[in-house]
Amino acid sequence: MAQSPSVLGTPHQRVDGKFKVTGTATYTSDFKIDRMAYACLIQSTIASGTVIEIDQSEAERAPGVVAILTRQNAPKLQALPEELTANGAPGETRLPFQDDQVYFQGQHLGAVIAETFEQAREAASLVRVRYQPGELRTDLLGLADEAIEPRMWGERVKLQDKRGDVDWVWANMPQVRLVDETYSTPIENHNPMEPGAALAVWEGTDHLTLHLSTRGVDLTQKVLASAFGLPIENVRVVCPFLGGHFGSKGFNWSYFLVAVAAARLTDRPVRLVLSRPQMFDSMGQRARTVQTIGLAADENGKLAALKHATLTHSSMIYQYTEPCGSLTRLAYSCPNIQINHRLVQLDFTTPCPMRAPGEAPGFFALESAMDELAVKLNIDPMEFRVRNYADKDEFDQRPWSSKHLKECYDRGASKFGWSSRNPKPASTRDPDGRLVGWGMATAIYGASQQPASAKVSLSNDGSIVVQSATHESGTGTYTMMTQFVADTLGVPMERVRFELGDTQFPPAPVNGGSWLTASVGPAVVAACTALRDKLISLAVEGPSAPLSGQSRTDIVIADGRVSSAKDTSRSVSFSDLLANTGNQTLEADGSTKPGDAYQKLAFFSFGAIFVEVRVDPDLGEVRVTRVVGVYDVGKILNPLLARSQMLSGITFGIGMALMEATVPDMATGRMVNANLAEYHVPVFADVPPEFVIEFLDIPDTNMADNGARGLGEIGIVGTPAAIANAVYHATGKRIRDLPITPDKLV
Ligand code: MOS
C-alpha cells in the first residue's frame, strides 16, 4: 500500500502551541462554573499526634465563608480496594477524615469553603487546632534498626534480589575493591509549573465530574468511584492539559478527595488549587536515599561482584520504596550481584515516583562508584564500562530487544573530545583560574508498552477526530498522536483533531514510565487502520461503489482520497465517499496491548552522557559548561519533541546534581524550604551554552509497530553522576552526598 510521505520522523511543531502561548489552553484552574466556591485546606501544624479539637469559631465569622469541612461533617469515604494499593503501587492508602491521627506536617484535616479564594485562605488561617503531640520519627539513620525489607515495587521490580555469591567473592578473592562507599540523595519535591488543582462538580448526589490536573484520568475515576461509593460510569474525570507533573499527579492524593467532599457538603462546584508550599506536603516527593555500593574487579577491570543496598523512607500511612537498585542488576556484566532495599516509616509526607524513580538516585550511586573503581584500577572510566558491557540482560537471561550502547559511548566520546582527557584530577584550569573537569556516565531506562485504546471518527467534511483517555503533560502528546493519525490515514495534520484527558474516551494508561508513545501510539494506529479498511470497503464493494471492480490490494490512501494505483482516474475523496454512501460519519476503534516479545526480550533504552564542569576553587561554585548526550531510544518520531524531552531530562539532572534538596527540620518534621526561593531548580542561566543531544535513531523492531522506545525519563539518569565525576576530576574531591553545593567543595 503506497502512502503519503510520512510525517513520522519529521520535526513538527506542537499542534497545541498556539493555544498555550495565547492563553486559550484550559488548565484545571481555568475552568469556571456557575456558583463555584473556593476551598482552602486546613492542614496539621504538627507531624505526629492526635487532633483534640478544631476550633473554627473565628473562621466561621470571617467574610464570605460558605462552610467548613472537617471530620465531623465529612461524607463517609470507603477504603480503596487492593488493586489500587497493593504491591507498593504509589499513592496514599489512608483516605482523609478517617480518624484523628496526624502522620505528617501539612496533613489535610479539612477545608474552608468560601465565595472567593482570598476569603477561603483568610478564613483557613483563622482555624485553630489543638493537638496531643505524639512521639516524632524523623531520623532515618537513627531508626534504621526498625527498617522493613519490602518485597516489590509495583508488580514488576523485586526489591530484594541476588545472583551468584557476592559474599563468597568478597571473603575469598583478592580483587581490587571499592569497599562499601555510601552515597546519599536528599528529599526532593516535584515542582511542575502548574500545581495540583481540582474542580469538583456534583449533579445531584450520584453523578460527579472532577476537573483535575492528573496524568491518570482513568485511575482517578476508579479512586473516586470507590471512595464515594458511586458506579464507575457516574464519575467523569477531565484534564485536557497539565502544566507538568514530573511523576506527581498520578495517584490517590487526599486534596482532590477533600475538594469532592467539599462540593458534596456545600452542594456547589468547588475549586481547590494547591499553593507552592503545599506542593511540598500534599502530592508526594522523592524520599531521601542512603545507598551503599560495594564493587570488586580483577586487575583487568572485569567486575566480579557488585552490592547495592538502599535505605530509604516512606510515610506512616503508606509503604512506598524508592527502588534505587532496580537496574543495577542488569547495567553491567557481573556474575555476582546483590540488591537490597530497606524502608523506614517516618513522620514525613508520602513519597511517590519522581522522574526516573529509583534509576535517578540509583545511578548516581552506581555510576559514581564505577568512576571511583576506574580511578583505583587506573583505567579510563568509559573503557571500564566497555570492559563490563552486558551483551544480554544477565539477570533474567534474556536478549536485549535492541541495544546500541557502545555506539552511544563512541559517538559521545568523539563529539566531546574525551580521548584528550588528562586522567589526573585537578590538572586543568581555564584562563579564569577555574578548575575544569570532565566526567561521564551510563544511562539506562526501561521501555514498555501498556494496554491502550482509541477511537477515530471521520466526518463527511473530511475532518477527523481521534480520542483516547491519555494525557498532555507538556511533552507533546497532541502533536505525536496527530502525526500517527495523519500518517496512517494519509491526511494533512491540519485536518486531524486529537482529543484526550477525559474518562469518556477509550481507556489509556497512566502517563508515566516513559511509555505513552509506545502504548497509545499503537492504539491510535490500530483505530486508524480499522478506519482505512472500512473506507476501502466502501470504495470497492458493491456495484455502485465509486471504485467498484478494483481489488483491495490496489487501493492507495493518500491526500484524503481513496484511489486506484492501477487506474489513476479512479479516485474519490473521503467526503465524497461518505456522501455517496449516505454516512454522516464513519467510526472505528482500536485496542492494543503488549505482545509476546515482552516475555522473551529485555526492553531498555540506553545512553551515554559526558559533561564538563568548571569549579571556582575559592567559592566552590560549580557550573556545567558543556553537555554531550547520545541516546539509543529506538526510532525518533519527532526530533523537536525528542530533543525537548531530553533537554529537560538532562536539565533536571543538573538540578539534582547541584541544587535540589528539600530540608526537613528534624525537631518538628516540617520542611523548612517549601518554596521556590529556597528550593532551587535550574533556570536558563544554569544550562550550558553547549548542549549536544544526539539520537542513534535505530528503530527497535521488537517494539510495537512504531519502533520507538520512551525518552521521558532517561535524561535524568546518569547525569548527576556524570557531574559528580566531573567535579572529582576537576577538584580531586569526591562528593558522595547530593546536591553538590559550594560548602562541600571549599
Ligand atoms: Mo515516571 S515518575 O516512572 O512516570
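Note that ligands are numbered from 1 as they come in the structure, with each ligand's atoms numbered from 1 the same way.
Look at K249 and E194 and you find a salt bridge, because one of the NZ, NE, NH1 or NH2 atoms lies within 4.0 Å of a carboxylate O, short of that distance. Salt bridge annotation for D393-R329: absent, with no cationic side-chain nitrogen under 4.0 angstrom from a carboxylate oxygen.
Annotation: side-chain contact (heavy atoms from CB on, under 4.5 Å) contacts of A365 (sequence neighbours excluded): Y183, Q291, I293, H308.
Looking only at atom types and distance, the side chain of E149 has a donor-acceptor partner in the side chain of N340 under 3.5 Å away. Residues E188 and Q285 bring no donor and acceptor atom of their side chains to less than 3.5 Å of each other.
Taking a heavy-atom cut-off of under 4.0 Å, ligand 1 is surrounded by R215, G247, P353, M354, R355, P357, Y445, G512, G513, E713.
Side-chain contact check for T479 versus F498: every heavy-atom pair is 4.5 Å or farther apart.
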